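The figures that follow rest on heavy atoms only: side chains count, while hydrogens, waters and symmetry mates do not. Every value quoted in this text rests on a predicted model; they were computed, and no experiment measured them.
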Amino acid sequence: MSDWNVISGHFLTRSEVAQLTGLAPAEVVSHPALLRIACQVSQVETYPAFQFDADGRPVACLAQVLPRLAGALTPLEVAALLSTPSSELGGRIPIAWLRDGGPAERVLRLIA
């Protein structure tokens, strides 16, 4: 489990995301730019912190990327894809690629 934490960073609760973004807690669940990982057993939902910029906003391209990735991958797989270095991106981590303004299509091609 420690390897996962090193790669993906820490996770936030719905309340923490609401406070960070200024959204109502009910809006957090259905926001298209937020990756939500729900545990089937405990019913706890978490949000990877890597998807937020320093100002608390979701990384700009995630609203475009997440719905398309969700059709092909589970939320945990999406988190792993976004937080694992990719040779197709020159060894960069996809979420950092997107944060720096890299084209979303390059990230979407990673699942092809």
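- At a threshold of 4.5 Å between side-chain heavy atoms, the hydrophobic network of Ile, Leu, Val, Met, Phe, Trp and Tyr places Leu62 and Phe52 in two separate groups.
- Note that CG of Leu89 is 11.5 Å distant from CD1 of Ile95, once rounded to the nearest 0.5 Å.
- Within the 4.5 Å cutoff, the side chain of Gln51 has no heavy atoms near those of the Pro58 side chain.
- Scanning both residues, Val107 and Trp97, for their nearest heavy atoms gives CG2-CD1, 3.6 Å.
- Closest approach of Ala104 and Leu98 over heavy atoms only: CA-CD2, 3.7 Å.
- Of all non-hydrogen atoms in Leu12 and Glu16, the two that sit nearest each other are CA-OE1, 3.2 Å.
- The shortest non-hydrogen separation linking Pro94 to Thr84 is CD-O, 3.0 Å.
- Going from atom SG of Cys61 over to atom CG of Leu66 covers 10.5 Å, rounded to the nearest 0.5 Å.
- With rounding to the nearest 0.5 angstrom, the CZ atom of Arg36 is 9.5 Å from the OG1 atom of Thr46.
- Separating the CD atom in Glu45 from the CZ atom in Phe11 is a distance of 13.0 Å, to the nearest 0.5 Å.
- Both Val59 and Leu110 are members of a single hydrophobic cluster when ILVMFWY side chains are connected at heavy-atom separations under 4.5 Å.
- Remark: the backbone N or O of Arg57 is paired with a side-chain donor or acceptor of Asp55 at under 3.5 angstrom.
- Placement of Leu76 and Tyr47 in two distinct hydrophobic clusters is found when ILVMFWY residues are connected by side-chain heavy-atom separations under 4.5 Å, directly or transitively.
- The list of side-chain hydrogen bond (donor to acceptor under 3.5 Å, both in side chains) pairs with a residue in residues 101-110, not counting sequence neighbours, reads Arg68-Glu105.
- When all heavy atoms of Pro48 and Ala79 are compared, the closest pair comes out as CG-CB, 4.4 Å.
- Here the closest heavy-atom approach between residue Pro85 and residue Gly91 is recorded as CB-O, 3.4 Å.
- Hydrophobic clustering (ILVMFWY, side-chain heavy atoms < 4.5 Å, transitive): Leu35 and Val17 are in distinct clusters.
- Every residue two or more places apart in sequence or in another chain that forms a side chain to side chain contact (heavy atoms under 4.5 Å, CB included) with Leu23 is listed here: Thr21, Glu27, Val28, His31, Leu34.
- One hydrophobic cluster, built from ILVMFWY side chains closer than 4.5 Å, holds both Phe50 and Leu108.
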